[in-house]
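Residue numbers start at 1 and run along the sequence shown. Numbering of ligands and ligand atoms starts at 1, following listing order.
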Amino acid sequence: MNMLIRNGRIIDPANKRDEVGDLFIDDGKITDGSQLSTLNSQPDEIDATNLIVAPGLIDLHVHLREPGFAWKETIESGARAAAAGGFTTIVCMPNTSPASDSPATITWIRRAAERACVNVLPSGAISKGLMGEELAPIGSLKQAGVVAITDDGRCIQNNELMRRAIEYARMVGVPVLDHCQDYNLVGNGVVHEGYWSTLLGLPGWPRTGEEVIVMRNILLADCCDHHVHCQHVSAAGSVRLLREARRRGVKISGEVCPHHIALTDDAIQDFDTNCKMNPPLRAKEDVATLLEGIADGTIEILCSDHAPHAQFEKEVEFDAAPFGIVGLETELGLFLDLLVHKNKTIELPRLIEMFTVNPARLLQIEAGTLSLGRAADITLIDPDLEWTVDASKFQSMSRNTPFDGWKLKGRAVRTIVGGKTVWAL
Ligand SMILES: [Zn+2]
């Protein structure tokens with residue numbers, strides 16, 4: 001099957017390419033068009049005038065809820081949500097049931113992923129059952145096909161265990177991703193510790209609870225000389241710590257989710273459980289520092305932390321509601337709108353880089369570029385398209401979003417995986 005994407009602005013940061021041109025796809029791969037297969041030489045043409053032609057976007061932090069929680073999301077529905085958001089590759093988190101801490105579960109996920117419309121790559125647990133007590137079989141997990149290890153949703157408190165995990169991960173060649181949360185400091189906190197937690201009488205989740213673990217991870221990444229990636233960075237101090245450590249060459253990095261820059265903790269004042277996530281929405285100064293970190297390259301990866309929950313689970317008192325919001329279908333629109341259009345934090349090529357070559361490099365996967373011969377995973381983006389978020393139309397099985405009804409500028413209009421259109425607006 002051939003395809004010709006005509007007259008788009010091709011942005012391929014891995015190859016430092018940014019120019020208007022045509023892109024050829026032959027037999028599921030990117031080609032230069034000189035040797036389109038003769039059997040089927042009349043290619044499907046797509047007019048990409050005024051569109052961005054980007055490498056298929058990667059989201060390295062999503063919860064697909066299978067096995068175990070298929071009433072929230074399945075691997076197939078989560079993949080459809082990813083396609084609708086412009087993502088061709090997603091990495092699913094191990095807080096499933098059973099937890100993704102054994103080769104058998106990883107194999108089960110990879111089999112289920114064969115039916116998904118985008119590339120679904122599993123991550124494996126760091127500790128057995130995500131209990132933080134005993135290491136999971138990291139070598140066997142890697143052999144079973146994980147691209148990273150993480151206890152996301154939970155955080156290993158024992159620094160010696162974490163050190164050993166990082167050393168094993170270095171030996172087998174996978175990065176360590178970490179959800180940064182000190183349980184003693186955070187306690188039963190549900191919202192940012194500050195004005196609103198005090199006023200509303202809700203238990204506070206202080207910045208320090210994140211920053212302490214970011215610091216721990218910097219020290220261990222340095223000590224073990226291996227890459228540790230801090231997930232969903234929310235606190236100003238975390239950005240400062242990462243900046244200083246990265247300048248010294250420590251193998252440490254961080255990612256930011258759209259909700260942590262789109263909203264602050266004042267969004268919780270009417271107890272909307274769709275504003276309850278972990279880590280929590282922070283204060284204005286945190287948002288400002290996250291934006292600075294994105295602008296100066298301290299933060300090099302963007303992701304959703306897509307965390308679907310059924311409506312009945314979120315329709316309870318704030319304290320009792322589960323953490324998390326869906327994100328795959330609003331993520332690109334929010335980041336384009338906020339980072340590129342409104343705040344002018346970064347320009348388009350940088351945004352594409354943060355969604356493609358940067359996560360691909362961290363995970364060491366063959367994705368995130370339009371190099372000749374690579375799988376034709378491509379996202380077409382209309383950066384100026386104005387649209388309104390309508391949660392009732394989500395491909396995801398869940399609707400738990402605080403962004404329903406938001407007017408955004410910019411979204412993906414077509415998602416191509418292996419040369420096949422899997423979603424189009
Ligand atoms: Zn997390």
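- Side-chain atoms of Met93 and Gln231, non-hydrogen and from C-beta on, do get closer than 4.5 Å to each other.
- Taking the side chain as every heavy atom from C-beta outward, Asp182 and Cys155 never approach each other to under 4.5 Å.
- Partner His309 forms a side-chain contact (heavy atoms from CB on, under 4.5 Å) with one of Arg65, Arg399, His63 and no other, that one being Arg65.
- The Zn ion (ligand 1) does not have His61 among its coordinating residues (no N/O/S atom, backbone or side chain, under 2.8 Å).
- Partner of Phe403 under the side-chain contact (heavy atoms from CB on, under 4.5 Å) criterion, out of Leu263, Leu408, Val326: Leu263 alone.
- Distances from the Zn ion (ligand 1) to the N/O/S atoms of His179 are shortest for ND1.
- When the Zn ion (ligand 1) is compared with the N/O/S atoms of Asp152, atom OD1 turns out nearest.
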